[in-house]
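In what follows, a single structure is set out as structure tokens and then discussed.
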There are 2 protein chains.
Amino acid sequence: MVRDSNLRSTSRPTAVAPRPARARRYDARRDAILRAAARIFRDRGFADTGMRDIAIASDLSPANLYHYFKGKDEILFYCQDRALDRMLAAVAAARRAAVDPDGRLRSVLAAHVLTMLDEVEGATAHLQVEALAPPLRARIVQKRDRYERAVRRLLADGMASGAFVAGDEALLTRAMLGALNWVVTWYRPDGARTPGQIADEMARYLVRGVQPEGVRG
Amino acid sequence: MVRDSNLRSTSRPTAVAPRPARARRYDARRDAILRAAARIFRDRGFADTGMRDIAIASDLSPANLYHYFKGKDEILFYCQDRALDRMLAAVAAARRAAVDPDGRLRSVLAAHVLTMLDEVEGATAHLQVEALAPPLRARIVQKRDRYERAVRRLLADGMASGAFVAGDEALLTRAMLGALNWVVTWYRPDGARTPGQIADEMARYLVRGVQPEGVRG
DNA sequence: AGGATCTCCGAACAATGGTTCGAGATTCGA
DNA sequence: TCGAATCTCGAACCATTGTTCGGAGATCCT
């Protein structure tokens with residue numbers, strides 16, 4: 001428990017492994033647990049998932065989980081935290097790639113879908129925020145709001161520049177994110193569409209709804 | 001338990017009360033339980049809601065709940081069943097009111113939001129279907145699919161008539177319903193918008209995304 | 001009024017679930 | 001190689017939860 005280094009110390013890429021093998025395995029196990037948990041959370045929901053389920057899925061004993069996480073809440077917390085980080089990174093990337101507002105918003109929305117469907121990342125990004133106890137929830141809510149505001153700003157900028165029609169930014173943002181979050185409830189890996197296709201079609205449709213006449217993406 | 005008359009026998013509106021006072025109170029209690037349960041389910045989720053919570057909220061003892069429902073599952077079942085009935089009724093009403101496809105779809109989507117936010121009806125319409133045990137779940141899933149197909153048909157008809165642009169009907173339907181279902185996660189009674197306003201704006205935006213150039217609602 | 005039925009509840013039961021304990025294996029620095 | 005820190009797990013703990021049981025009070029029909 002001495003570690004607690006979530007932010008990799010990528011300070012020196014020296015020849016010799018700067019990170020002990022011990023700590024490496026520790027991080028790997030942590031990752032595996034998060035991966036397994038995220039998958040089950042997405043499929044069965046947080047409340048219906050037991051520690052024993054997570055333990056089985058990650059080839060560990062239930063008791064051993066507590067050497068990697070303080071408890072069930074913390075596992076959910078890191079799932080959500082990771083997913084949000086990835087989404088925020090997508091926003092930053094879209095902003096850097098200086099295209100038009102349409103393309104920026106589309107790429108962010110598409111990335112959102114991919115993050116939700118990707119087993120590695122959380123998938124339970126926004127889905128189960130209320131399940132968290134106050135201390136951890138506050139941190140997630142804060143980050144989630146930051147992401148939501150970022151998306152809203154993308155929308156607002158487009159409205160200001162005339163790329164999008166005027167409207168209630170907050171409501172439209174929530175409509176878009178809702179459509180995206182809902183994907184996890186109906187997506188099946190053996191379905192007709194790949195995650196990439198779903199992400200693209202979703203993003204295209206959602207953006208089309210705010211575009212003025214004459215400039216259809 | 002001899003009653004089991006969910007469908008009111010509105011056969012004869014005779015002068016004398018055709019329904020004994022006893023049975024009336026029974027139905028009223030049932031209604032109150034459903035009302036209270038739906039509210040808590042919506043706020044805290046099905047798994048995190050205890051029978052004792054429902055009992056307190058409906059001014060009854062936990063044990064007494066079992067005189068009105070077979071168990072927790074059945075309570076959720078009726079919540080969802082009611083909500084779906086109301087949504088299906090909205091579809092039928094929209095179909096009867098022979099307006100254009102745009103108006104039909106918009107009114108159905110708006111009714112969906114109002115059903116979700118209305119405390120009386122389920123609110124947990126689609127939200128917690130997986131929580132149900134197989135026997136009851138099958139019936140709900142069937143009805144939910146019926147509703148989803150009805151909405152999809154509205155969309156498909158519009159595409160066929162040229163009122164909507166061509167696209168993946170199933171995916172677009174799910175995108176719309178997802179945006180609507182998500183409303184329960186962020187709606188607050190003391191917010192700036194009333195349920196009616198939210199419903200209208202949502203429906204307008206979602207339909208706009210499938211309309212071709214030159215015909216915006 | 002009397003018996004039958006319906007409502008209602010306090011208490012307890014069995015199962016589940018998150019979590020802790022204590023000790024045995026494993027790994028690592030020196 | 002040796003001692004210490006780290007991993008790992010079976011078993012148990014304890015609170016919660018859905019549910020049942022048996023009976024007391026209320027209500028209704030005749």
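Atoms considered below: every heavy atom in the structure, side chains included; atoms not considered: hydrogens, waters and symmetry mates. All chains are named by letter (A, B, ...) in the order of the sequence lines, taking the proteins before the strands, and each is independently numbered beginning at 1.
Here the side chain of A/Tyr26 is nearest to one of C/dA11, D/dC7, C/dT27, namely D/dC7. Closest contact between the side chain of B/Ala63 and the listed nucleotides D/dC7, D/dG18, C/dG10 involves C/dG10. Distances from the side chain of B/Arg29 to the nucleotides D/dC9, C/dC8, C/dT19 place C/dC8 closest. Taking the side chain of B/Tyr68 as heavy atoms from C-beta on, and the options D/dT8, C/dC8, D/dG18, the nearest nucleotide is C/dC8. Of the candidate nucleotides C/dG18, D/dG10, D/dG18, C/dG18 has the atom lying nearest to any side-chain atom of A/Lys72.
Stacking of B/Arg42 on the aromatic ring of B/Tyr187 is not recorded, the 6.0 Å distance cut-off and the 45° axial limit not both being met.
With hydrogens and angles ignored, the 3.5 Å screen pairs a side-chain donor or acceptor of B/Arg208 with a backbone N or O of A/Gly209. Listed for the A/Tyr205 side chain is a donor-acceptor partner under 3.5 Å among the backbone atoms of B/Leu206.
Taking 4.0 angstrom as the limit, A/Asn64 places a side-chain polar atom (N or O) nearer than this to OP1 or OP2 of D/dC9.
Within the 4.5 Å cutoff, no side-chain heavy atoms of A/Pro101 are placed close to those of A/Asp157.
Donor-acceptor pairing under 3.5 Å, judged by distance alone, is present between the side chain of A/His67 and the base of D/dT8.
Rounded to whole Å, the distance from CZ on B/Arg24 to C1' on D/dT27 is 15 Å.
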